[in-house]
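The block underneath contains the structure these notes are about, expressed in structure tokens.
On a predicted model such as this, the values are computed, not experimentally measured, just so you know.
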Amino acid sequence: MGSVFNPWKWKDIFLAYLLTNCSLYEVKEIERSLQSAFEGHDKANLMSRDLSTASLRYLSSRQALADIANFRTEIARKLGLTENKWVAYGGSYGGSLAVWSRIKHPNLFAAAVGSSAPIQAKLNFYEYKEVIGRILSAHNSECPKAVKEAFAILVQMLKRPKYYSKLEKDFMLCEPIKINSPKDTAFLKVNMICIVHSFVRKQINKIIKGEQDELNIDNLCDNMTDTSLGSPYDRFTKIVHLFLKSKHMDCLNANYNDELEQLSNPSLDYLRIKYDRQWFYQCCTEFGFFETTDSKNQPFSGTPLRYFFQLCSDVFGPEFSRDLVARGVKTTNKYYGGFNVNGSKIIFSNGSNDPWHRLGITKDISEDLPAVFIKGEGHCADVSEQDDTDSAELIEAREKIFQILQKWLKQ
């Protein structure tokens, strides 16, 4: 084998080049140019802005592509790299932007690599939960069955207020469940699903480091299939307790308004900033990507598509209706092409354990639009740092990407 492809080293080389050939002021200017300083509008210091819905109207993938194109053009001019070939490379949403940059600006980018890049916008992303179910089944065929039964029991109990006190005690809820509050009960079910996700995160996302040892698929499935612990519901209460203990949490939040308050916070505090609000805005205006439990081929219950439509409206305003969200998704696919990729020299890499591969390209479209599908790997595995535990499939995938890029760049 030749040199193993490692995009992180390429990034380091690029940064080293900047620091060697540019003043610190110029490097900071480059950094600032990558921020979304909305083109055609006042480019005042972003610290004086906010994340209000009015400000977020400038946040879109099209604006991001314009910023990327502007950055590439200005950096090439400043550093004397106008004759060089540029490759757009990204992972996850960044991978989508890389793919779309090559499609929309083929004169600026000679090639692109989209790692775990969703390129088809979709309102009802029920496939996400299907992949989680498949991962659990591959580990232990009885595991997703027990999870499914536990959630079925939970959903039925949440329909009857007489069980609320038991649920509060069993799941260590931070406050009592409100009577006739479907938003709170829906949010509780979303949190329960997220807890299961936390036990399989290392299967679906290789980049995540430092997760607590207790949160692993062995612990999840061993407990969920241990009949000595009682019913599937009883076993799931232990899973929740393990989660709370590992996160050093005293209780589990089941208050929809708390989630609403966090997502509605428009402050732009760089010391404590989270990206949930910005990303959710793009989901409500461009992408959908709502991870529902609408499919019968997955183990969870209680999170229909209407929950996310309601959340969009509650967070950003009543004008963010179901129709607006649906139009945004349709417009995105029409503008970029979705699965009907119109371009060349783009590599699509995905892992079979990554739920996002269901919205990506996993089979070759043509010689100039190849797919690299990595068995047993998760989200953005090929752009994670090399590790002694890397599978043969992952090592081979990185090498294949490197070889294809070398071939294209020599043409």
What distance do [X] atom [atom1] and [Y] atom [atom2] have between them, rounded to the nearest 0.5 Å?
X	Y	atom1	atom2	answer
I239	M192	CD1	CE	12.0 Å
S267	D50	OG	CG	8.5 Å
E149	L154	CD	CG	12.5 Å
I132	Q298	CD1	CD	10.0 Å
L324	C284	CG	SG	9.0 Å
I68	R72	CD1	CZ	12.5 Å

Taking [X] for its side chain and [Y] for its backbone only, find out whether a donor-acceptor pair lies under 3.5 Å.
X	Y	value
N353	I204	no
S55	L51	no
N191	N253	yes
T292	D294	yes
S137	G133	no
N219	N216	no
N140	C221	no

Students often mix this up, so state it plainly: with edges at 30° and 60°, are the rings of [X] and [Y] parallel, tilted or perpendicular?
X	Y	answer
F289	F287	parallel
F236	F151	tilted
Y281	F316	perpendicular
W86	F71	perpendicular

Around atom [atom1] of [X], are there more than 12 heavy atoms of other residues, nucleotides or ligands at under 6.0 Å?
X	atom1	answer
E261	CD	no
N107	CG	yes
D218	CG	yes
R134	CZ	yes
E319	CD	yes
K85	NZ	yes
Y163	OH	no

Quick check: do [X] and [Y] have side-chain heavy atoms less than 4.5 Å from each other?
X	Y	result
R322	L123	no
L215	K247	yes
N265	R277	no
R102	L108	no
N255	C174	no
I193	K129	yes
I361	F373	no
L220	L242	no

Out of E130, E127, Q120, which residue meets the side chain to side chain donor-acceptor pair (under 3.5 Å) rule with R358?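 That would be E130.
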Go through it in stages, so that I can follow the logic: the residues are Q282 and Q278, the test is side-chain hydrogen bond (donor to acceptor under 3.5 Å, both in side chains), and I'd like the CA-CA distance, side-chain angles, deciding distance and then a yes or no. CA-CA 7 Å; Q282 288 191 268; Q278 298 94 301; over 6 Å; no
Check ion pair [X]-[Y] (N to O, under 4.0 angstrom):
X	Y	result
R62	E286	no
K183	D314	yes
E291	K122	no
D226	K238	no
K178	D184	yes

Do [X] and [Y] have side-chain atoms, one donor and one acceptor, less than 3.5 Å apart?
X	Y	value
E142	T225	no
S349	D382	yes
D67	Q63	yes
N350	H357	no
R57	S52	no
T73	N70	no

Chi angles and distances behind the side chain to side chain contact (heavy atoms under 4.5 Å, CB included) call for V190, Y307: CA-CA 10 Å; V190 168; Y307 171 82; 3.7 Å; yes
Is there a side chain to side chain contact (heavy atoms under 4.5 Å, CB included) between V196 and F300 once you walk through the steps? CA-CA 10 Å; V196 176; F300 307 105; 3.7 Å; yes
Run the numbers on R398 and S384 for side-chain hydrogen bond (donor to acceptor under 3.5 Å, both in side chains), then give the verdict. CA-CA 10 Å; R398 287 185 179 131; S384 63; 3.1 Å; yes
So which heavy atom on [X] is nearest to which on [Y], and how close?
X	Y	result
S96	P118	OG-O, 2.6 Å
S116	W356	O-CB, 4.5 Å
K189	L158	CG-CD1, 3.7 Å
S313	P318	OG-CA, 3.4 Å
E377	S391	OE2-OG, 2.8 Å
V329	G288	CG2-N, 3.6 Å

Between H139 and F199, is the ring centroid distance below 6.0 Å? no
May I ask you to check whether Y335 and W100 place their ring centers less than 6.0 Å from one another?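 Here the rings of W100 and Y335 have centres that are no less than 6.0 Å from each other.
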Decide yes or no on side-chain hydrogen bond (donor to acceptor under 3.5 Å, both in side chains) for T237 and D234, but give the supporting numbers first. CA-CA 5 Å; T237 62; D234 296 323; 5.2 Å; no
Option among F187, Y126, F320, F290 that satisfies the ring-ring contact (aromatic ring centres under 6.0 Å, His included) test with F308: F290
